[in-house]
Amino acid sequence: MAFSLNNMEGKELADDYTRKTLPKGRWSDTWDIFKSNFTKLILLNLFVLITFLPGIAIIIFRNMYFMGLGAFEPVNSSIKFFFYPDLNGRTESVALTVDVLFYALLIVAGFIASLGIAGGTYSLRKLINTRGEFTVKGFLHGIKKCYFNTVLPVTLFMVFLYGTVIVGDWRALHIATGGSKGGATTAYVFSIIGTVLIGIYCAWLFAAGTTYKLGLGQLIKNSFVLMIGAPVHTLFMAGFSLIPVWLFLMGSFFRTLGIILMIFFGFAFVLLSWTSFTQWVFDLYITPNLKTEDKQRNVKKTEKELAQEKLDEEKRQAMELLAAGRSELIARPILPVSDTAVITPFGKTFTRENLSAANSERDKLKNDIAEYEKAHLGDEVYVQYNKLFADREKALQTPEGKKGKKNKSKVSSDNLLK
């Protein structure tokens, strides 16, 4: 599995934040984020809930529309055929017709809901990896970066869910009109199983696509590998993440509790649990992209500031190369070694007169070196060499407040000695 996921390393989808620490553990990280950022989670849940409102409205209107048909259609099964003709299958037929329309609209509502899911997931992943940094701007940035890789699995799952609902309605109609239960029930069961498996796959497709920069082919392949690589963990965490949904589906008091949870932090809880779990799995097989403090600071800087820092760094490197490349042996004339030069050596014993003579010889040698340098400093070889480095030093200098035409030529370590 690790070999199959190597192409994901270093491709984290995080261009406005950097990871600061490795995760301590799946549960402890999730709990720390949940308890220390609860207010942020409520705000984040509100943003996600807004994008789910069209879908919620479609479901409510579907139920109201179906109930309203009772005023025009004989769909009340308690009224027997003494008052109406045989109603077998009439209710199921109306339900099928209604669901074909409204669940198709629900697929379209998934496009809008994907906005909140994309922004919310990116914000929560940022929250986990930075330990507390969350902004509305980051939420919108997450929509920009993750929308396509969110709407793709959401739409795929909604299409399969749509098919399962239609198959279920057809099954009920088929049985109500006297058809056999076996074939219709088998088709419905396989449809449910297929939708559950596709839902789990889409969850990994969504997790990988909102975490890493991958091509569509790599995304499809790696998501499948992730799904079959940790099946038990995946099933458990999928069930745990959907606790608010299970409460809503249980009905009665639990439905009320589920609605309250979904309004305040249910969506955030689902996304946080799944995001934390998938991040833990990714870190098992992919080396996390942890950046240095300098790179973390650079994330908050503008492109102009980063470009100026890069230019200053290039100039600094150029000056270092300039200083290292300039040789005193070539930059100025040096008196050649002569056999005629007399330097009196000291013996094992020497007197004050010997020290005085040595000082005189040293002073004479210094004078000869200075006179030779003065006499030959104007030679062409020294003039050209010093002029070369003088021009480079002048090009690297940018005095503050100096007006006039700027030198637009870029001087760096690459063109220093060109």
Rounded to the nearest 0.5 Å, how far does CG of L44 lie from CG of L124?
-> 5.0 Å
Looking only at atom types and distance, does a side-chain atom of Y188 sit under 3.5 Å from a main-chain N or O of D169, one as donor and one as acceptor?
-> no
With side chains defined as the heavy atoms from C-beta onward, is the minimum distance between L13 and T211 less than 4.5 Å?
-> no
Partners of F224 by side-chain contact (heavy atoms from CB on, under 4.5 Å), sequence neighbours excluded?
-> Y201, M227, I228
Partners passing ring-ring contact (aromatic ring centres under 6.0 Å, His included) against F267 (at least two apart in sequence or in another chain) = F52
Determine yes or no for a side-chain-to-main-chain donor-acceptor pair under 3.5 angstrom, with T275 supplying the side chain and L272 the backbone.
-> no
Backbone N or O of M262 within a donor-acceptor pair of the N45 side chain at under 3.5 Å?
-> yes
Which pairs count as side chain to side chain donor-acceptor pair (under 3.5 Å) when at least one residue sits in residues 102-115, sequence neighbours excluded?
-> none
Minimum side-chain heavy-atom gap V136-F47 below 4.5 Å | yes
Any residue meeting side-chain hydrogen bond (donor to acceptor under 3.5 Å, both in side chains) with S360, in chain and number order, not counting sequence neighbours = none
Verdict with supporting geometry, I259 and F248, side-chain contact (heavy atoms from CB on, under 4.5 Å) | CA-CA 6 Å; I259 293 174; F248 175 79; 3.7 Å; yes
Are more than 12 heavy atoms from other residues, nucleotides or ligands located less than 6.0 Å from atom CZ of F160?
-> no
Value rounded to 0.5 Å, distance of CG in L247 from CD1 in I243 | 7.5 Å
For L96 and I166, what are the C-alpha separation, side-chain angles and deciding distance, and is it a side-chain contact (heavy atoms from CB on, under 4.5 Å)?
-> CA-CA 7 Å; L96 176 60; I166 300 305; 3.9 Å; yes
Which atoms form the tightest heavy-atom contact between L156 and C202, and what is the distance?
-> CD2-SG, 3.6 Å
Check the pair L106 / Y162 against side-chain contact (heavy atoms from CB on, under 4.5 Å), numbers first and verdict last.
-> CA-CA 9 Å; L106 201 60; Y162 175 77; over 6 Å; no
Does OH in Y372 sit with more than 12 non-hydrogen atoms of other residues, nucleotides or ligands closer than 6.0 Å?
-> yes
Heavy atoms, side chains only, cut-off 4.5 Å: are K137 and L140 in contact?
-> no
The complete set of salt bridge (charged side-chain N to carboxylate O under 4.0 Å, His left out) pairs with one or both residues in residues 186-205, sequence neighbours excluded, reads none
Side-chain (N367) to main-chain (D363) donor-acceptor, under 3.5 angstrom | yes
Run the ring-centre check on F269 versus F240 and record whether the distance is less than 6.0 Å.
-> yes
Distance (rounded to the nearest 0.5 Å) between F102 CZ and I107 CD1 = 14.5 Å
Separation between CG of N222 and CG of L205, rounded to the nearest 0.5 Å = 10.5 Å
Are the side chain of S191 and the backbone of A187 linked by a donor-acceptor contact shorter than 3.5 Å?
-> no
Who are the side-chain contact (heavy atoms from CB on, under 4.5 Å) partners of H174, not counting sequence neighbours?
-> W170, S180, A184
Taking the six-membered ring for Trp and the full ring for Phe, Tyr or His, determine whether the centres of F139 and Y122 are under 6.0 Å apart.
-> no
Report the residues that fulfil salt bridge (charged side-chain N to carboxylate O under 4.0 Å, His left out) with R62, sequence neighbours left out, ordered by chain and then residue number.
-> D99
Residue set satisfying side-chain hydrogen bond (donor to acceptor under 3.5 Å, both in side chains) with K364, at least two apart, ordered chain then number -> D368
With sequence neighbours left out, what residues match S241 under side-chain hydrogen bond (donor to acceptor under 3.5 Å, both in side chains)?
-> none
Quick one: list whatever passes side-chain hydrogen bond (donor to acceptor under 3.5 Å, both in side chains) with S273, sequence neighbours left out.
-> none
Taking atom CZ of F277 and atom NE2 of H233, what is their separation to the nearest 0.5 Å?
-> 7.0 Å
With a 4.5 Å heavy-atom cut-off, do F264 and I260 have their side chains touching?
-> yes
Taking side chain as C-beta onward, heavy atoms only, is L216 less than 4.5 Å from L152?
-> yes
Heavy-atom closest contact (T210 atom, C146 atom, distance) | CG2-CB, 3.7 Å
Find out whether L219 and N149 are in side-chain contact, i.e. whether some heavy atom of one side chain is under 4.5 Å from a heavy atom of the other.
-> yes
Do you know the tightest heavy-atom contact between L49 and I263?
-> CD2-O, 4.1 Å
Who are the side-chain contact (heavy atoms from CB on, under 4.5 Å) partners of T278, not counting sequence neighbours?
-> R125, W204, A207, W274, F282
CG of L284 to CH2 of W280: how many Å apart, nearest 0.5 Å?
-> 5.0 Å
State which residues pass side-chain contact (heavy atoms from CB on, under 4.5 Å) with E373; sequence neighbours excluded, sorted by chain then number.
-> R332, P333
